[in-house]
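Lettering of chains follows the sequences in order, A, B, ..., and the numbering in each one begins at 1.
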2 protein chains.
Amino acid sequence: MRKVTVYDVAELAGVSIATVSFAFTRPDKVKAQTLRSVMEAADQLGYVPSGSARGLARGRTGAIGIYSYDYLLDPDEDKPATDTETPVPDGRLFPLYADEVQRGVQIECRRRGYALMLGGNRASDHLPHVIEVAGRVDGLIAFAGALTDNARRQVTARIPVVELGGLERDDARTVLVDNESGMHDLTLHLVEQHHHRRFAYVGELGTEEFKARRRGFERALGTHGITAPEIVPAHAGDDASTLRAVAEILARPERPEAIVCDTDQSALAAIVALRAAGLRVPDDVAVTGFDGILAGRIAAPVLTTVRQPMEQIGRAAVEILSRTLDGQDAVAPAPVLTCEVFVGSSCGTH
Amino acid sequence: MRKVTVYDVAELAGVSIATVSFAFTRPDKVKAQTLRSVMEAADQLGYVPSGSARGLARGRTGAIGIYSYDYLLDPDEDKPATDTETPVPDGRLFPLYADEVQRGVQIECRRRGYALMLGGNRASDHLPHVIEVAGRVDGLIAFAGALTDNARRQVTARIPVVELGGLERDDARTVLVDNESGMHDLTLHLVEQHHHRRFAYVGELGTEEFKARRRGFERALGTHGITAPEIVPAHAGDDASTLRAVAEILARPERPEAIVCDTDQSALAAIVALRAAGLRVPDDVAVTGFDGILAGRIAAPVLTTVRQPMEQIGRAAVEILSRTLDGQDAVAPAPVLTCEVFVGSSCGTH
DNA sequence: CGGAGAAATCTAAGCGCTTAGATTCTGCGA
DNA sequence: TCGCAGAATCTAAGCGCTTAGATTTCTCCG
């Protein structure tokens, strides 16, 4: 099955390859009759233009890449999806933050006519994985934390990058989401509505968005003269770390009234851990999350959290990239997307 | 930001471009010292190999494409996701069949080192949408029904295609799932456990998998000497069609004891329609679905259905494609994946 | 120390498109 | 009928890689 090329089409249609190319890309430049005979020849031969050749000749591929965390894909290759060690909701069953953002990216790419490229070759010996992706696309959307400094430097030297959840830099844009206000408002709710004063905070400071959440937490407590507790380290992609964090908290002399987690995934795992320890949520301990993923919405108790506009984040990222690719980089900066406190029942029955 | 090419790297490293290429693709063929200086030069310049050039020169892109239904993406662009006309679970909130299959595809692509390409340019004036995708990848996974006959012909002439839910043909492979047995067993459950005898069947015969489900339904009823009812037409991607189907069924003189739907999406919509008509599920009417999507699992009542191994389907599709691309086409045919009846509470409290 | 064979590197020819710029057609007014 | 502008088409030069096959450099042994 030798591949059909412009040459074959040109020959059958009795024109030059340039005309074939024009017929597909600028049909108005070609006489109607010529156009028709080219199209007929193409159809008859089953011509499919080579994306590689196009990309090379045009200098752009028309595709956008998305570089996400690895832990969503086969964290443990040989472990069947259902065989979880803990009854924490399975990330492969419920869409997580990155999945919902990705959906937004997908929608907006489709709308704007970009192809979307996910992942790529495993890191080869000498090329980091993300480079493989970067070489195939016109722009890249990456989750902060998924990119090392070195990789970012290398990629941004070639194509525009939007880094979700990071700082706005001169080489990488980001979609601005007001994480700080979200966490601030949530914390205020806990203090003012539920009159909690003894808190624990489970999370990390890995990227800018996590730092902002922590700031919001501290600010809200500060307003009420409460000293913010230290961060008990846990990572969203690693339920075990949350279980450990909760164990550590429970080992303390005084049990907190509320455990504030910086992601829903952590919060859901925390609830599991608390239950395992014989505690009731929210009666004995209140728990809150951050993100607004589906699993939290349908959990029992329904998770109180801060909902991020995930689909919008994805769409905005594509929009920024698209503008940059069209050379309108200096246009109005991306507006700040807001998050919103969602009061479920895990924070206590008011 | 002129793009850094092999030429730049070669010059800085003091070697030919061939050596640069070798350094990246077959490092064992290059002297250690040369390798090092090439890598240093590449790193210093921020070299990112062009995927287009690679693809063109190698004759393959290393990417696999997935072509799915459109209705998942922005069916109604300007309608916010939450503003549903009916309270049918929103397909943008819960992952659907295609989403779960896609996840499997994603996982297996990653595992095997393929990049995954989603969608692509909107259909341009003269190129059908799928052709745009086909030109960029080494193989294509398509949902049956998403591909017209003409498009399939054209695409299969260039690259191997796995068509999910279709017939095995000489030009397109498929992943075999035993839909017939699944629906057969489910129907048997309704007859033998719940003693239902009056059925309605809501669905379609659009692709081979739907036909197989219908066959399973008829066969099970036949065993018990029950005549299968006509199909009341409804399409999974179109809740309104299910609502109409249910209305039609309820308008009949005799109400069925059970409504068998050929997808979960239909079944969930049917439940909504029945409730709207003042009927209780399953007390007044039993309802069953097919697929095993998340929304059905967490619905109230929990949907009785046939669970397809969706992730596995996606993975198997990639595996088949991968084998074909490696020229091992004639190797053992794909095993038949089985589905499994999942008894929830929508079929009656036995 | 010379030379053979292996290893390392290089030269050069594509891969299948796009697109300036050159060339050929067309239709129309004088 | 001729000349010419504008439309249609063509020629040819890349785009940035890979990879046969040629060439040069090493390595090792007689």
Please name all residues satisfying salt bridge (charged side-chain N to carboxylate O under 4.0 Å, His left out) with Asp149(B), sequence neighbours left out, ordered by chain then number. Arg152(B)
Got a sec, which residues hit salt bridge (charged side-chain N to carboxylate O under 4.0 Å, His left out) with Arg60(B), two or more places apart in sequence or on another chain? none
Euclidean distance, atom [atom1] of residue [X] to atom [atom2] of [N] [Å, nearest integer]:
X        : N       : atom1 : atom2 : answer
Lys29(B) : dC10(C) : NZ    : P     : 16 Å
Asp28(A) : dA7(D)  : CG    : P     : 11 Å
Glu11(A) : dC10(D) : CD    : P     : 13 Å

Leu325(B): partners by side-chain contact (heavy atoms from CB on, under 4.5 Å), with sequence neighbours left out: Tyr114(B), Asp138(B), Pro160(B)
My understanding is that only residues two or more places apart in sequence, or in another chain, count here; which of them pass side-chain contact (heavy atoms from CB on, under 4.5 Å) with Asn150(A)? Thr148(A), Arg153(A), Gln154(A), Asp43(B)
Generate the contact string for nucleotides 11-20 of chain D. Rules: B means base contact, S means sugar-phosphate contact only, - means no protein heavy atom under 4.0 Å. B--BBBBBB-
Identify all side-chain donor-acceptor contacts of residues 5-25 of chain A below 3.5 Å with residues at least two apart in sequence or on another chain.
residue	atom	partner	partner atom	Å
Thr5(A)	OG1	Tyr7(A)	N	3.1
Thr5(A)	OG1	Asp8(A)	OD2	3.4
Asp8(A)	OD1	Arg2(A)	NH2	3.3
Asp8(A)	OD2	Arg2(A)	NH2	3.4
Asp8(A)	OD2	Thr5(A)	N	2.8
Ser16(A)	OG	Ala18(A)	N	3.3
Ser16(A)	OG	Thr19(A)	N	3.4
Ser16(A)	OG	Thr19(A)	OG1	3.4
Thr25(A)	OG1	Ser21(A)	O	2.9

